[in-house]
Amino acid sequence: MTAALSAHELIARHRSTLDQALEAIRTRAYWSPHPEHPKAYGENGSLDMAAGKAAFDALLGSRLDLGQPGTDDWVGGETSPYGVDLGVTYPHADLDVLLPAMKAGQRAWRDAGAEQRAVVCLEILKRISDRTHEFAHAVMHTSGQAFMMAFQAGGPHAQDRGLEAVAYAYVEQVRTPDNAEWTKPQGKRDPLAMNKQFTPVPRGIALMIGCNTFPTWNGYPGLFASLATGNAVLVKPHPRAVLPLALTVQVAREVLAETGFDPNLVALAAERPGEGIAKTLALRPEIRIIDYTGSTEFGDWLEANARQAQVYTEKAGVNTVVVHSTSDYKGMLSNLAFSLSLYSGQMCTTPQNLLVPREGISTDQGPKSYDEVVADLAKSVDGLLGDDARANALLGAIVNPDVKARLEAASGLGEVALASREITNPDFPGAVVRTPVIVKLDGAKPDDEAAYMSECFGPVSFAVAVDSAADAAELLRRTVREKGAMTVGAYTTDPEVEQTVQEVCLEEAAQLSLNLTGGVYVNQTAAFSDFHGSGGNPAASAALCDGAFVANRFRVVEVRRDA
């Protein structure tokens with residue numbers, strides 16, 4: 001295959017970006033090459049806001065032909081949570097044709113080496129970045145995120161997570177030298193001398209199973225970690241969120257072809273309605289790596305049954321915030337209100353359980369009873385979402401009927417401190433938009449435990465009354481150990497309470513945020529600096545991103561010869 005872009009050109013174009021990413025993961029300081037502001041696009045070949053919207057509109061009702069082998073049908077059926085019928089159709093694959101075609105290009109991709117694979121991945125990310133506005137609409141109309149969140153989380157933040165995975169993959173692969181001269185003294189005899197060659201060898205075909213809520217942000221780490229370590233990648237999107245990942249596959253195939261590699265190293269596995277091909281694919285012997293984001297039930301099934309593959313899961317947990325005391329009561333309430341409201345709570349990091357001592361908390365505004373804390377939080381959420389235009393911009397749309405059903409059922413679980421209300425989106429009358437509900441529960445009542453010890457994904461939070469800070473810490477420990485947590489938050493001015501909560505999180509491997517009262521929220525993480533999940537509790541078997549996330553996607557094979 002003739003390369004339009006040589007390895008030398010790609011290294012010259014992207015090596016400095018790779019070096020900056022390597023420095024960022026070493027220092028954990030803020031860095032990103034991908035602009036967060038929509039107005040930053042429109043130059044150097046990137047699409048501005050109008051061009052991106054036009055590109056997205058042109059996709060509606062079209063057939064997205066990726067040129068994949070083994071296409072035996074065309075499938076589709078996505079309807080936007082905003083009420084728009086996307087009408088895009090995608091290739092349906094005959095796996096017995098597609099999977100062998102994907103394996104065919106792996107030898108050349110393996111032999112290209114870590115640096116060349118990395119810069120090819122960076123070229124893919126650069127081209128995706130140039131189309132951020134188009135991708136933002138695709139994410140918005142499949143996930144239900146409001147446009148600005150879809151733009152940032154589905155665009156630059158997702159691209160950052162992909163680049164982060166490439167950087168970690170590169171570090172792990174070059175940890176071992178390509179060649180070594182080995183000499184062992186033998187006293188009076190001639191020394192033993194050998195030449196040793198070390199090659200990172202991919203496991204095989206990686207399966208990336210996408211999610212409905214964050215198709216790119218959750219999808220890119222596994223996709224690029226596998227690709228950068230030499231594996232072919234089969235992308236299986238969620239049936240309601242195909243378009244963003246199909247566009248990703250399209251870009252990846254174009255770049256692979258232009259750089260002289262087999263485009264079938266990346267392919268799409270779209271499915272017919274109700275086909276459920278994830279289970280079929282997960283058990284295929286060709287699949288050697290699986291990345292999955294979604295329900296605990298299916299994640300557990302993958303871990304138990306896909307024994308031929310290395311499985312990385314981000315499932316679900318019961319995220320908890322301990323509210324013990326604060327020196328900034330207003331800031332605490334504002335921060336929590338935003339965290340509960342963002343994207344209608346449809347984030348794996350959104351707090352669910354707020355543990356508040358029943359005798360109340362101490363604040364800079366004086367003592368506040370449990371009832372006052374909960375009522376003031378409800379007022380803060382109401383104030384944040386009181387203007388419908390701002391509410392629509394924060395909440396987005398309810399992603400699927402299951403979330404709506406859980407929201408409606410939550411009010412029957414206890415005393416409602418904040419009722420959910422319906423909001424109309426004037427731009428999209430078909431959107432289902434709801435504000436959060438807050439329900440008061442008692443941590444001492446066994447009947448309430450079934451509610452707060454179960455994940456209720458969506459805009460539902462429980463204000464759980466506990467007897468003391470020690471009881472809050474023990475309930476936190478039990479929750480993380482039994483149910484897992486992607487995030488933990490705590491508010492306290494007491495050093496002993498802070499130390500206790502921190503020790504629980506260290507022992508149970510849960511990521512902790514303390515006393516957030518400003519513009520950083522417990523449900524947000526920054527690539528190159530923050531770890532998303534830990535891989536150490538039931539919520540996830542991997543962290544985004546660390547060395548463990550990439551290192552087992554390849555093995556090092558040694559060839560040695562007498563010198």
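Side chains are part of it too, since the values below use all heavy atoms of this structure and drop only hydrogens, waters and symmetry mates. Keep in mind the model is a prediction, meaning the values are calculated, not measured.
Heavy atoms from other residues, nucleotides or ligands lying under 6.0 Å from NZ of Lys103 number 12 at most. Within 6.0 Å of the CG atom in Asn44, the count of heavy atoms belonging to other residues, nucleotides or ligands does not exceed 12. Counting non-hydrogen atoms of neighbouring residues, nucleotides and ligands closer than 6.0 angstrom, the CD atom of Glu558 exceeds 12 such neighbours. Within 6.0 Å of CD on Glu43 lie no more than 12 heavy atoms contributed by other residues, nucleotides or ligands. Within a 6.0 Å radius of CZ in Arg15, other residues, nucleotides and ligands contribute more than 12 heavy atoms.
A salt bridge is defined here as a Lys NZ or Arg NE, NH1 or NH2 lying under 4.0 Å from an Asp or Glu carboxylate O, and Glu123 with Arg127 meets this definition. In this structure, Arg477 pairs ionically with Glu507, as a charged nitrogen and a carboxylate oxygen lie closer than 4.0 Å. Ionic pairing of Glu23 and Arg26 is present here: one or more N-O contacts between side-chain nitrogen and carboxylate oxygen are shorter than 4.0 angstrom.
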Check the pair His92, Asp72 against side chain to side chain contact (heavy atoms under 4.5 Å, CB included), reporting the backbone distance first and the verdict last. CA-CA 6 Å; His92 181 275; Asp72 59 13; 2.7 Å; yes
Test log, rule side chain to side chain contact (heavy atoms under 4.5 Å, CB included), inputs Leu243 and Phe56: CA-CA 10 Å; Leu243 184 56; Phe56 169 75; 3.9 Å; yes
Give the intermediate values and the outcome of side chain to side chain contact (heavy atoms under 4.5 Å, CB included) for residues Phe554 and Arg110. CA-CA 10 Å; Phe554 68 95; Arg110 176 201 71 198; over 6 Å; no
Apply ring pair (Phe, Tyr, Trp, His ring centres under 6.0 Å) to the pair Phe298 and Tyr292, showing each step before the final yes or no. CA-CA 9 Å; Phe298 190 59; Tyr292 168 75; 5.3 Å; yes
Side chain to side chain donor-acceptor pair (under 3.5 Å) between Asn552 and Arg203, intermediate numbers included: CA-CA 8 Å; Asn552 215 12; Arg203 281 186 173 272; 2.9 Å; yes
As a quick check of understanding, evaluate side chain to side chain contact (heavy atoms under 4.5 Å, CB included) for Val501 and Leu476, giving each step before the final call. CA-CA 8 Å; Val501 172; Leu476 168 64; 4.0 Å; yes
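Counted by atom type alone, Asn231 and Thr229 present one or more donor-acceptor pairs between their side chains at under 3.5 Å. Between Tyr220 and Thr248, the side chains place a donor N or O and an acceptor N or O closer than 3.5 Å (distance only, hydrogens not considered).
Among residues two or more places apart in sequence or in another chain, the ring pair (Phe, Tyr, Trp, His ring centres under 6.0 Å) test is passed with Tyr90 by none.
Taking CD of Gln310 as the reference point, atom CZ of Arg288 lies at 10.0 Å (rounded to 0.5 Å). Atom CZ of residue Arg240 and atom OG of residue Ser143 lie 12.0 Å apart, to the nearest 0.5 angstrom. Remark: Phe151 CZ to Tyr41 OH distance equals 4.5 Å, nearest 0.5 Å. Considering NE2 of His14 and CG of Leu163, their distance stands at 10.5 Å, rounded to 0.5 Å. Distance NZ/Lys315 to CG/Leu302: 9.5 Å, rounded to 0.5 Å. In this structure, NE2 on His532 lies 3.5 Å from SG on Cys348, to the nearest 0.5 angstrom.
A donor-acceptor pair under 3.5 Å links the side-chain atoms of Gln106 to the main chain of Ala232, judged by distance alone. The closest donor-acceptor contact from the side chain of Glu9 to the backbone of Ser6 lies under 3.5 Å. With hydrogens and angles ignored, the 3.5 Å screen pairs no side-chain donor or acceptor of Glu78 with any backbone N or O of Val88. Side chain of Ser529 to main chain of Arg28: a donor-acceptor pair is present (N/O by atom type, distance under 3.5 Å, no hydrogens or angles). Side chain of Asn212 to main chain of Thr142: a donor-acceptor pair is present (N/O by atom type, distance under 3.5 Å, no hydrogens or angles). In this structure a side-chain-to-backbone donor-acceptor pair under 3.5 Å is present from Glu271 to Gly276. Checked by atom type and distance alone, the side chain of Gln159 pairs as donor or acceptor with a backbone atom of Gly155 at under 3.5 Å. A side-chain donor-acceptor contact under 3.5 Å links Asn319 to the backbone of Thr487. When atom types are taken as modelled, the side chain of Glu314 and the backbone of Thr293 share no donor-acceptor pair closer than 3.5 angstrom. Of the possible donor and acceptor atoms, one in the side chain of Gln308 sits under 3.5 Å from a partner among the backbone N and O of Ala282.
With Glu286 as the fixed residue, the side-chain contact (heavy atoms from CB on, under 4.5 Å) test singles out one of Ile205, Leu95, Leu234, Leu281: Ile205. Remark: of the listed residues Arg478, Lys483, Arg481, Arg481 is the sole one forming a salt bridge (charged side-chain N to carboxylate O under 4.0 Å, His left out) with Glu508.
Within the 4.5 Å cutoff, no side-chain heavy atoms of Val504 are placed close to those of Val480.
A cation-pi arrangement, defined by a distance under 6.0 Å to the six-membered ring centre and an angle within 45 degrees of its axis, is absent between Arg560 and Trp182. Cation-pi geometry between Arg117 and Phe261 is not met at under 6.0 angstrom from the ring centre and within 45 degrees of the axis.
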